Q: 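Dropping the structure in here first, questions after.
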Amino acid sequence: MFYELMKGHDPAQLKELGLTDLNAFNYTNQSGMIDRLDGIKDKDQFKITTKALQVLGIDEQEQVAIWKIVAAVMHVGNITFDVKVGGPG
């Protein structure tokens with residue numbers, strides 16, 4: 001879903017979600033494969049996904065909420081923690 005969202009969603013809305021580039025996110029930059037090898041286009045898959053959500057009765061406002069959650073997961077994946085050995089706590 002991360003790839004579909006990034007390649008298929010409107011660029012202005014991606015900017016609003018703080019989504020810039022697939023290489024900027026830990027969940028999408030680890031494989032070294034941004035483009036699929038099976039010939040399926042993530043942009044087309046995103047259109048299919050949004051249509052399926054509509055068929056299921058999920059309106060545009062609810063879809064926006066879903067994309068915000070997916071974007072949040074992508075951002076959370078970039079959080080790193082430093083461990084200090086011997087420190088308090």
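Since the model is a prediction, treat every value here as computed from it, not as a measurement.
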Q: Any idea which heavy atoms bring Phe2 and Leu22 closest together, and the distance?
A: O-CD2, 4.3 Å
Q: List the residues meeting side chain to side chain donor-acceptor pair (under 3.5 Å) with Glu4, not counting sequence neighbours, and say none if there are none.
A: Thr49
Q: Could you state whether Met1 and Leu19 fall into the same hydrophobic cluster, counting links through intermediate Ile, Leu, Val, Met, Phe, Trp or Tyr residues with side-chain heavy atoms under 4.5 angstrom apart?
A: yes
Q: Evaluate whether atom CD of Gln30 has more than 12 neighbouring non-hydrogen atoms of other residues, nucleotides or ligands under 6.0 angstrom away.
A: yes
Q: Between side-chain atoms of residues 64-79 and protein atoms elsewhere (two or more places apart, or another chain), which donor-acceptor pairs fall under 3.5 Å?
A:
| from | atom 1 | to | atom 2 | distance (Å) |
| --- | --- | --- | --- | --- |
| Trp67 | NE1 | Gln63 | O | 3.4 |
| His75 | NE2 | Leu17 | O | 3.1 |
| His75 | NE2 | Gly18 | O | 3.3 |
| Asn78 | OD1 | Asn26 | N | 2.8 |
| Asn78 | OD1 | Asn26 | ND2 | 3.4 |
| Asn78 | ND2 | Ala24 | O | 3.0 |

Q: Verify side chain to side chain contact (heavy atoms under 4.5 Å, CB included) between Leu5 and Leu14, making sure each step is shown before the conclusion.
A: CA-CA 8 Å; Leu5 176 64; Leu14 289 174; 4.3 Å; yes
Q: Look up atom CG in Asp10 and atom CD in Glu16, then write down how far apart they are to the nearest 0.5 Å.
A: 9.5 Å
Q: Going by side chain to side chain contact (heavy atoms under 4.5 Å, CB included), name the residues that satisfy it together with Thr80, two or more places apart in sequence or in a different chain.
A: none
Q: Kindly compute the distance separating CD (Glu62) from CG (Leu56), expressed to the nearest 0.5 Å.
A: 11.0 Å
Q: Looking at residues at least two apart in the chain, or sitting in another chain, which of them share a salt bridge (Lys or Arg N to Asp or Glu O under 4.0 Å) with Asp82?
A: none
Q: Quick check for you: to the nearest 0.5 Å, what is the distance between Leu53 atom CG and Ile48 atom CD1?
A: 12.0 Å
Q: For Lys51, enumerate each residue passing the side chain to side chain contact (heavy atoms under 4.5 Å, CB included) test, keeping only those at least two apart in sequence or located in another chain.
A: Gln54, Val55
Q: Quick one: list whatever passes side chain to side chain donor-acceptor pair (under 3.5 Å) with Gln13, sequence neighbours left out.
A: His9
Q: Treat each ILVMFWY residue as a node, draw an edge where side-chain heavy atoms are under 4.5 Å apart, and state whether Met6 and Ile40 are in one component.
A: no
